[in-house]
Protein chains: 4
Amino acid sequence: GAQRFEANPPGFMATLPTHTLNTLNDYKEYFITEMKHPTFAQSVIAEWWATTLFLFFLILSCLPGANDGQEVFRIGIVAGLTIAILVYAFYAVSGGNINPAVSLGLALSGRMTAPRACFYIAAQIVGAITGTAMAKAVSPRAFDLGKGGMNALQTLDVDLESIAITEGQAFFAEVMGSMLLVLAVLFCTDTARSIEHPHMTALIPLEIGFVVLLAHVAMIPIDGCGINPARSIGSAAIYGSLVHLWIFVWGPVVGACFAALIYRLIFAPTEVFNEY
Amino acid sequence: GAQRFEANPPGFMATLPTHTLNTLNDYKEYFITEMKHPTFAQSVIAEWWATTLFLFFLILSCLPGANDGQEVFRIGIVAGLTIAILVYAFYAVSGGNINPAVSLGLALSGRMTAPRACFYIAAQIVGAITGTAMAKAVSPRAFDLGKGGMNALQTLDVDLESIAITEGQAFFAEVMGSMLLVLAVLFCTDTARSIEHPHMTALIPLEIGFVVLLAHVAMIPIDGCGINPARSIGSAAIYGSLVHLWIFVWGPVVGACFAALIYRLIFAPTEVFNEY
Amino acid sequence: GAQRFEANPPGFMATLPTHTLNTLNDYKEYFITEMKHPTFAQSVIAEWWATTLFLFFLILSCLPGANDGQEVFRIGIVAGLTIAILVYAFYAVSGGNINPAVSLGLALSGRMTAPRACFYIAAQIVGAITGTAMAKAVSPRAFDLGKGGMNALQTLDVDLESIAITEGQAFFAEVMGSMLLVLAVLFCTDTARSIEHPHMTALIPLEIGFVVLLAHVAMIPIDGCGINPARSIGSAAIYGSLVHLWIFVWGPVVGACFAALIYRLIFAPTEVFNEY
Amino acid sequence: GAQRFEANPPGFMATLPTHTLNTLNDYKEYFITEMKHPTFAQSVIAEWWATTLFLFFLILSCLPGANDGQEVFRIGIVAGLTIAILVYAFYAVSGGNINPAVSLGLALSGRMTAPRACFYIAAQIVGAITGTAMAKAVSPRAFDLGKGGMNALQTLDVDLESIAITEGQAFFAEVMGSMLLVLAVLFCTDTARSIEHPHMTALIPLEIGFVVLLAHVAMIPIDGCGINPARSIGSAAIYGSLVHLWIFVWGPVVGACFAALIYRLIFAPTEVFNEY
Ligand SMILES: [Ca+2]
Ligand SMILES: [Ca+2]
Ligand SMILES: [Ca+2]
Ligand SMILES: [Ca+2]
């Protein structure tokens, strides 16, 4: 497995050598080689620590402060820029996923083995819980009164009338937001495309951070913006409430599947494209 | 046509081999070759889906929320960053136009065939309608009360006095905003220039996104900021109103023509420049 | 002069071959060669049109709108991002100065001939007047009531007390803001340095735009933030008032001299550095 | 020492040749060679002047203005973008540390000699005092009424209830914020990693600026956000108050140690990684 291994540096997002993985045994052997590599444990720890840091600063920005009425920008800027700098830092370690929807999308797109994605997702969920608990430590009473930064269905106010968002509407928004994020990751990190435009790879961390920023600004007034099951599980676990949690877990899962599907079916570079 | 073809990868913005396109028949033959290429359909679908996503998040940001009085920044940030990340993603597929004014400007500048531009514009308009309808699905009543995110002439309030914007003033603003956008695209994607400064090509998606962001922040208080006929047609079609629509369709068209004209006449790299 | 010429592409910011310019006649001959080059007129027109566009959008953002109390961010974002995208576009044409302080700083640093700087500064001032007049056309009454976007000494309010800024304080702020901008330009565009870090040249337009953005956010509450004599002359000419104009003309001039001085004396790469 | 010297350009952040520095005498000899290099004095002056400029604009943004209630964004944007453009400018001179926590983190990580870090830290503290004094000169009364931009424990208001931040909570936030900043710097500037992703080095100044921006937006409502001992000492010295200063000095010191520790123990590229 060594030669195959070199073509697929573990800890990076790369196309798996699917043509050599014909049987389940091949796949198993491939993953065991991957897991024994010294960078595998480093990668899993990286996903845990990056998600811990993300949740710490994100939940801090959800604590109410002096600038009431500007939560949308405060949370959006902190979420987006924290992701940007963490993707920048951890990209060369683990790929900087920091989100189970991203790991799922990469696995479904053949860019990462399914067992690696499972390790990453577990690390992300534990990290989200760690980070939320650390943010609670900064101000436990504000954390409780601010409901632990939990995602929640909002009420749009249209001048005189108030319109409550339904569960279905929030679910739809979560699917779309997560789909945009995972689709952006699949495009950004597709080496078949980046060969044509090598300079653009410089922007990868910024582009992923900007998706997170814009999704928060657009969706916080809808449902608080989840688009990351680990983030929502972290708040739910530490604040101790499962209300509406299914929306913020399954919405991103469906969005990631949708992104992987349309990328593979429609937008992946074709053989013709590459030869061209 | 194969050799010509390779010098002009379809789906990218590149200078057409105009010196070999001497007759209408040459041009027709050239486009037929282009259209038969497997990436052509992919490009048209890309323009449809990118414009769908753009309108979905843009119209979502137009729905009134908790942060009244900050619509300018909310809409501006969502519009600008969504364009930035969609240009990043779809640049290598279709060129990431997402705006009929951009496709028109590229066609007028000899960077894209006229039939390709027509296919793109049709896909963008259908995409804008799809995306607006999807945003309406998130909250139909807020969509109606918020007038479907339609562009509209605004009233500037200067302390005690209120000053209504006229149609002519809004048209002028649309011409200028669209001209800036198309001019920026023509500069950014001019390979004759980027050869001299290859590193700067990294910023293309960001620069185009930032034009959209600044135009919205500067022009929302004037006319809501269109600068994209597809976007304005999408809102008009789903909300069902044609009021002032001509401004937001013809303003960008005039702006794109103006940009192509001054780029070709004044700012295009001259032969001398290249030889130099 | 042809060989010298090739080492110093006109229209770009580059170190002049000062060791071959021993007499005033050498210098004169050098500039005549430069001026006859077909890109010289293109460069001067570029400075005019870029400054026209900058002032149009900047003054538009100064017109009062729906979001009172957020002028600082509205003006700052529009000023900074407009500069970023115009520098990106016009960098390869004229160097994208768009500001007499920048042209002065480059001339004083031996990166541009003095006559070229004079042509640029004249074009920038005419452009600023053109752009301000165009912005006035969008809403003449709002323009008048908003005092034409003129820079003016502000009053800081510190809870109960109000503190008026003096002319000397505003002048000091203008010197510092312009110095930061010109110093950033001198660093960014120093090819002796960028050879060591070639990838960083990608960020040039963004860094210059960000200086403009941060200076506006920090200094609008002080004096409205000029840091660009052309911009301030444009407002003064079209609104028709010379009040405090000297601050916004001479402050940036002193700042540019200061930046050129400290760059040359302290921060310029030394021979030793280059050989190292 | 000349050959060793070339492998470690002074003034840049690079891995020290620790395998040749076996005795204290080797280390001493190494530093003496470094200090005699003409770029050493340039580097120390650069740290002084960069920190002066940082504090001038940062403290200016802390002076109360017309946009009450938006201090978080005003200070955050000015702090983040000023750091971004100063890192961009001074990176090739001194490494652009501008923060004792960063210099400490680099020294602890073996990227900079301890004596160089001491010179830098002294220059940064003097620079912070210079810059704060210059900002005070712009409006001495506003400076005093605004308490000199000093960091201070805040009170979160959660609708009806107000919750005061304790010293321990602020200390914890300072540790985390500084740790994120120093960790980002250690990742960004690790040449062993950037060889794998050379294009991403373009973003270094932006990523460091964005950490500063997000930390301010997240932490201003907690404790005013220090994460830079020089910045906090500058305010304390000029305003003349030592209240809570220990938090803003020792928090960043602990955060820098923590970052250096986890980077070295967990995330540094291993030998295996490099050979791979
Ligand atoms: Ca409302
Ligand atoms: Ca008003
Ligand atoms: Ca006040
Ligand atoms: Ca409150």
Side-chain angles (χ1 to χ4, degrees), chain C residues 69-73 76 80 154-161 163-166 168-170 172-173 176-177 179-181 183-184 186-188 190 192-194 196-204 206-208 210-211 213-215 217-222 262 266-267 269-273 276, chain D residues 5-6 9-12 37-39 41-42 45-46 49 53 56-70 73-75 77-82 84-86 88-93 134-135 137-142 144-146 194 198-206 209:
Chain C
Q70 300 182 306
E71 293 82 359
V72 169
F73 296 113
Q154 303 290 312
T155 299
L156 298 174
D157 67 288
V158 186
D159 300 320
L160 296 182
E161 307 182 55
I163 297 164
I165 298 294
T166 67
Q169 289 162 349
F172 181 44
M176 291 298 292
M179 192 272 293
L180 184 71
L181 173 60
L183 198 62
L186 293 177
F187 270 109
C188 277
D190 189 334
R193 289 219 184 279
S194 60
E196 312 252 341
H197 296 279
H199 292 294
M200 282 206 191
T201 59
L203 280 196
I204 291 173
L206 219 53
E207 295 294 336
I208 296 174
F210 281 176
V211 181
L213 202 170
L214 82 88
V217 173
M219 288 166 52
I220 284 176
I222 307 293
I262 63 176
I266 307 174
F267 297 123
T270 58
E271 289 294 313
V272 178
F273 188 96
Y276 179 68
Chain D
F5 207 86
E6 278 175 40
F12 289 84
H37 196 279
T39 60
Q42 198 184 33
I45 296 171
W49 186 237
L53 290 173
F56 178 77
F57 289 98
L58 177 60
I59 299 301
L60 226 60
S61 77
C62 294
L63 298 183
N67 57 341
D68 291 80
Q70 300 182 305
F73 296 113
R74 188 145 56 101
I75 299 169
I77 287 171
V78 171
L81 298 189
T82 307
I85 67 112
L86 292 173
Y88 190 94
F90 291 99
Y91 189 72
V93 184
M134 286 164 70
V138 171
S139 184
R141 290 206 37 242
D144 284 344
L145 290 164
S194 60
H199 293 293
M200 282 206 191
T201 59
L203 280 197
I204 291 173
L206 221 53

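In this text the structure is predicted, and so the values were computed from the model without any measurement. Sequence lines set the chain letters: A, B, ... in the order given, protein chains first and strands last, and positions in each chain run from 1.
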By a 4.5 Å heavy-atom criterion (distance strictly below it), what part of C:L186 contacts chain D: side chain, backbone, both, or neither? neither
Report the C-alpha distance between C:V217 and D:S61 in whole Å, list the side-chain angles of each, state the deciding distance to 0.1 Å, and finish with yes or no for side-chain contact (heavy atoms from CB on, under 4.5 Å). CA-CA 7 Å; C:V217 173; D:S61 77; 5.7 Å; no
Count the heavy-atom pairs under 4.5 Å between each of D:G209, D:P205, D:A79 and chain C, then report the option with the highest count. D:P205
Are C:F73 and D:I77 side-chain neighbours, meaning at least one heavy-atom pair lies under 4.5 Å? yes
Stepwise, does the side-chain contact (heavy atoms from CB on, under 4.5 Å) test hold for C:F210 with D:T82? CA-CA 8 Å; C:F210 281 176; D:T82 307; over 6 Å; no
Closest approach of C:L214 to D:I85 (non-hydrogen atoms, all atoms of both residues): CD2-CG1, 4.2 Å
Residue list, ring pair (Phe, Tyr, Trp, His ring centres under 6.0 Å) with D:Y88, at least two apart or on another chain: none
Could you have a look at D:V138, D:L206, D:L60 and say which one has the most heavy-atom pairs with chain C under 4.5 angstrom? D:V138
Please classify the contact of D:F57 with chain C as side chain, backbone, both or neither, using a heavy-atom distance under 4.5 Å. both
By side-chain contact (heavy atoms from CB on, under 4.5 Å), D:A202 pairs with (sequence neighbours left out) A:A202, C:H199, C:A202
What part of D:L53 is in contact with chain C, defined as an atom under 4.5 angstrom from a non-hydrogen atom: side chain, backbone, both or neither? side chain
Minimum side-chain heavy-atom gap D:W49-C:L183 below 4.5 Å: yes
Chain D contact via C:I204 - side chain, backbone, both or neither, heavy atoms under 4.5 Å: both
Under 4.5 Å from any heavy atom of chain C - which part of D:I75: neither
For the residue pair C:E207 and D:A84, what are the closest heavy atoms and their distance? OE1-O, 3.5 Å
Between C:Q169 and D:S139, the two heavy atoms sitting closest are NE2-CA, 4.0 Å
So do the side chains of D:L81 and C:V211 get within less than 4.5 Å of each other, counting heavy atoms only? no
Nearest 0.5 Å, what's the CD1-CG distance between C:I163 and D:L63? 8.5 Å
Name the region of C:I208, side chain, backbone, both or neither, that has any atom closer than 4.5 Å to a heavy atom of chain D. neither
Ring center gap for D:F90 and C:F187 short of 6.0 angstrom: yes
So which of C:E161, C:M219, C:Q154 has the biggest tally of heavy-atom pairs under 4.5 Å with chain D? C:E161
Testing the basics here: between D:P64 and C:L156, what is the closest heavy-atom pair and its distance to 0.1 Å? O-CD2, 3.1 Å
